[in-house]
Amino acid sequence: MTVRTRFAPSPTGFLHIGGARTALFSWAFARKHAGDFILRIEDTDVARSTPEALQAILDGMQWLGLSHDEGPFYQMQRMEMYKKILQTMLDNGTAYYCYCSKDELETLRESQMQQNIKPRYDGRWRPETGKNLPTMPQDIAPVIRFKNPQTGNVVWHDLVKGEISIANDELDDLVIARSDGTPTYNFCVVVDDSEMGISHVIRGDDHVNNTPRQINMLQALAAFDTKIKVPQYAHLSMILGDDGQKLSKRHGAVSVMQYHEDGYLPEAVLNYLARLGWSHGDEEIFSMQQFCEWVDLDHITPSAAQFNTDKLKWLNAHYIKLATPEYLATDITKRLAKLNVDIASRPNSQPNLDAVIHLYKERANTLNELALSIAYFFQKPVIDIAATEKHLTDDIKPIISALKSTLSKVEWQAENIHEAINATVTKYQLKFPKVAMPLRVLITGIAQSPSIDQVMALLGKEEVLARISL
RNA sequence: GUCCCCAUCGUCUAGAGGCCUAGGACACCUCCCUUUCACGGAGGCGACCGGGGUUCGAAUCCCCGUGGGGACGCCA
């Protein structure tokens with residue numbers, strides 16, 4: 001059997017971390033089994049769907065590199081097919097019209113809540129042999145409801161959570177088409193999943209409660225079309241915020257593109273997401289190629305997982321270290337531009353950006369940190385007054401002055417610069433940092449940097465000498 | 001409220017009845033490296049939600065609590 005998975009977001013918001021993880025597992029699972037990954041846009045909620053949200057989702061998927069083999073399919077473009085199937089269900093008695101008004105349903109719900117029973121449709125328009133239906137109101141456009149079985153249990157083996165069983169009498173006859181005729185989510189999912197030949201439905205665990213309804217519909221459809229099969233389900237548990245709280249629009253939920261913005265590499269986000277709620281022994285760091293070989297559904301934890309930004313940062317630092325300067329340069333140039341450091345227009349690109357990145361990439365957690373920390377190579381440093389006062393003391397100033405004139409005569413290479421500093425240190429019988437620290441502060445503005453001789457070599461003689469002004 | 005799901009260090013997790021004195025990773029702490037800060041290296045701190053069973057033996061299986069989460073829309 002060919003594995004076919006899908007990611008089916010509704011374009012009502014950005015692609016957040018939970019959605020991205022679901023997409024990642026669907027994508028990887030399809031890749032592992034040489035199957036197909038399908039992108040389907042569930043846009044039947046016309047009022048809330050926006051082109052901006054659609055674009056944001058597409059951008060997020062692209063940034064992460066989760067490429068689909070088919071689609072994107074848009075449900076709004078599949079209306080004819082849904083309506084045809086709706087009519088078939090009406091004809092064969094698996095669905096029926098319901099003329100309840102929204103007010104009527106609201107009243108029903110409230111009274112059920114008051115009696116402490118689960119609120120659900122009471123089936124007043126459900127046709128049964130020998131049953132008298134209410135008088136059809138003139139002013140109500142009907143919805144279509146699915147005639148859900150009333151007895152027995154729906155049982156399926158969830159690939160993540162194991163066997164789940166829900167009694168049919170817990171379920172009601174759900175609306176599958178609105179009064180304006182448009183089909184609803186649960187119906188479209190069922191039609192699309194079977195029509196697209198989806199073998200594994202991998203989705204968030206907020207859909208567990210929809211699954212028995214969907215299975216019932218699938219079975220109703222299958223009774224009239226033997227090609228229709230119930231797919232396998234895998235429900236991924238949700239991701240909690242750093243603080244253990246549920247992610248929501250109001251609290252903590254951010255677009256995956258925000259991570260891009262914040263200076264995270266997609267490699268790091270992907271690796272982190274793959275490892276969140278899934279494991280392959282003790283493996284922590286792995287490529288997507290590796291993940292696609294290893295991924296399986298039985299090692300996904302059924303419990304919710306809390307997001308940990310520190311660990312993401314650690315992975316990000318790792319992938320920055322791994323990356324070549326050339327790979328990072330374009331991105332870093334853009335981030336520098338945002339800091340008003342325009343290096344694109346510098347004539348002979350001195351200092352060399354790749355070399356600077358090379359010097360700094362082992363010390364940054366994010367690309368933003370990296371850009372910020374190398375800005376002083378391309379513009380006057382921001383001086384840390386406290387650090388300057390601490391290291392550039394009056395007693396050392398004459399020595400630095402002397403060093404400056406020595407420096408002005410050396411051939412500009414890190415080794416020679418190091419030697420010059422060493423000579424000064426020896427001459428005045430000092431410890432190396434005693435000289436290196438004031439230099440560092442003068443040149444970089446702050447008290448932390450890579451080897452100061454290497455920094456100086458890269459920055460260029462003229463600029464270094466200019467910055468050593470006391 | 002009703003139904004469904006979940007429960008190992010602070011966090012992510014390993015764990016399929018004996019390999020468990022519970023392993024790894026992030027974070028934290030100490031030391032080493034060192035030209036400051038990082039990086040890197042070596043250590044350390046730190047968990048089986050509670051109670052009952054089953055079994056020679058339970059983190060692992062069962063039951064009951066407790067706690068957490070989800071669902072209950074003409075949203076998806």
Side-chain angles (χ1 to χ4, degrees), chain A residues 8-13 42-45 47-49 75 98 100-102 105-106 109 112-120 141-145 158 160-162 164-167 169-172 174-180 182-186 188-189 204-212 235 237-238 240 242 244 246 272 275-285 298-299 301-315 317 321 360-365 373 387 391 418 421-422 425 431-437 439-441 444 446-453:
Chain A
S10 67
T12 55
E42 312 219 320
D43 54 357
T44 55
D45 186 357
R48 291 199 299 162
S49 297
Q75 290 185 324
C98 165
C100 287
S101 68
K102 289 187 182 182
L105 292 171
E106 192 49 43
R109 218 187 326 271
Q112 286 166 326
M113 289 287 244
Q114 265 172 13
Q115 294 167 67
N116 277 342
I117 54 174
K118 190 173 183 167
R120 65 246 240 218
V143 298
I144 300 173
R145 285 184 187 273
D158 194 276
V160 172
K161 293 182 186 282
I164 299 178
S165 167
I166 293 173
D169 61 16
E170 287 295 329
L171 272 23
D172 63 1
L174 70 155
V175 172
I176 56 176
R178 304 178 179 89
S179 46
D180 66 2
T182 58
T184 60
Y185 164 76
N186 274 109
C188 295
V189 166
D205 97 351
D206 47 337
H207 288 291
V208 166
N209 293 276
N210 287 324
T211 306
H235 288 100
S237 59
M238 61 184 304
L240 273 22
D242 254 320
K246 184 193 171 183
Y272 179 74
R275 192 60 188 66
L276 187 59
W278 175 84
S279 59
H280 185 80
D282 288 340
E283 300 292 342
E284 295 285 350
I285 294 175
D298 357 284
H299 288 85
T301 346
S303 53
Q306 189 170 317
F307 196 87
N308 185 217
T309 305
D310 280 338
K311 192 158 184 180
L312 206 213
K313 267 191 190 151
W314 168 73
L315 276 169
K321 260 177 271 175
Y360 266 87
K361 73 190 176 81
E362 301 213 333
R363 1 177 25 101
N365 284 324
S373 64
H391 298 290
H418 187 81
I421 300 172
N422 247 347
V425 164
K431 297 265 189 211
F432 196 96
K434 187 73 182 159
V435 176
M437 288 311 291
L439 272 181
R440 178 170 278 123
V441 167
T444 71
I446 56 172
Q448 304 83 34
S449 83
S451 286
I452 196 60
D453 44 11

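Throughout, a chain's letter reflects where its sequence line sits, starting with A, and its residues are numbered from 1.
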Taking the side chain of [X] as heavy atoms from C-beta outward, which of [options] is closest to it?
X: A:Y185; options: B:G73, B:U36, B:A76; value: B:A76
X: A:R440; options: B:U35, B:A71, B:C5; value: B:U35
X: A:W314; options: B:A27, B:A7, B:C3; value: B:A27
X: A:N210; options: B:A25, B:A76, B:C74; value: B:A76
X: A:A305; options: B:C4, B:C12, B:C74; value: B:C12
X: A:Q306; options: B:A71, B:C12, B:C39; value: B:C12
X: A:L276; options: B:C74, B:C12, B:C39; value: B:C12

Please give the nucleotide sitting opposite [N] as a Watson-Crick or G-U wobble pair, both distances under 3.5 Å, or none.
N: B:A71; value: B:U2
N: B:C26; value: B:G10
N: B:C49; value: B:G65
N: B:U36; value: none
N: B:U55; value: none

Enumerate all atom pairs, one protein N or O and one N or O from nucleotides 15-23 of chain B, separated by less than 3.5 Å.
| from | atom 1 | to | atom 2 | distance (Å) |
| --- | --- | --- | --- | --- |
| B:G23 | N2 | A:D282 | OD1 | 3.1 |

Spacing of the [atom1] atoms in [M] and [N] (rounded, Å):
N: B:A7; M: B:G65; atom1: C1'; answer: 13 Å
N: B:A22; M: B:G46; atom1: P; answer: 11 Å
N: B:G24; M: B:G44; atom1: P; answer: 9 Å
N: B:C5; M: B:C20; atom1: C1'; answer: 29 Å

Note to self: Suppose we call a contact any N or O donor and acceptor under 3.5 Å apart; does that hold for the side chain of A:H391 and the base of B:U36?
What the structure shows: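 It does not, because no donor-acceptor pair links the side chain of A:H391 to the base of B:U36 below 3.5 Å.
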Next item on the list: Tell whether A:S179 reaches the base of B:C74 with its side chain through a donor-acceptor pair below 3.5 angstrom.
Entry: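 Indeed, a donor on one side and an acceptor on the other fall under 3.5 Å apart.
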Next item on the list: Would you please name every residue forming a ring-ring contact (aromatic ring centres under 6.0 Å, His included) with A:H299, sequence neighbours left out?
Entry: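 In terms of ring-ring contact (aromatic ring centres under 6.0 Å, His included), with neighbours along the sequence ignored, A:H299 is linked to no residue.
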Checklist line | Results of ring-ring contact (aromatic ring centres under 6.0 Å, His included) for A:Y272 - residues two or more places apart only | finding: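 A:F307.
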Margin query: On RNA chain B, compare the nucleotides closest to A:A177 and A:A304; which residue's is nearer the 5' end?
Written below: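 Closest to the 5' end, via its nearest nucleotide, is A:A304.
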Margin query: Nearest heavy atom decides the nucleotide; on that basis, is A:G277 or A:D43 closer to the 5' end of RNA chain B?
Written below: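 Result of the comparison: A:G277.
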Grab the [atom1]-[atom2] distance between [X] and [N] for me, whole Å please.
X: A:E284; N: B:U13; atom1: CD; atom2: C1'; result: 7 Å
X: A:E283; N: B:C26; atom1: CD; atom2: C1'; result: 16 Å
X: A:K118; N: B:U2; atom1: NZ; atom2: C1'; result: 6 Å
X: A:D206; N: B:C5; atom1: CG; atom2: P; result: 16 Å

Notebook entry, point to check: Looking at A:P9, A:P11, A:S10, A:C188, which hits side-chain contact (heavy atoms from CB on, under 4.5 Å) with A:D43?
Noted result: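 One option only clears the test, and that one is A:P11.
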Just N and O in the side chain of [X]: are any of them under 4.0 Å from OP1 or OP2 of [N]?
X: A:K246; N: B:G70; value: yes
X: A:T301; N: B:U13; value: yes
X: A:S303; N: B:G68; value: no

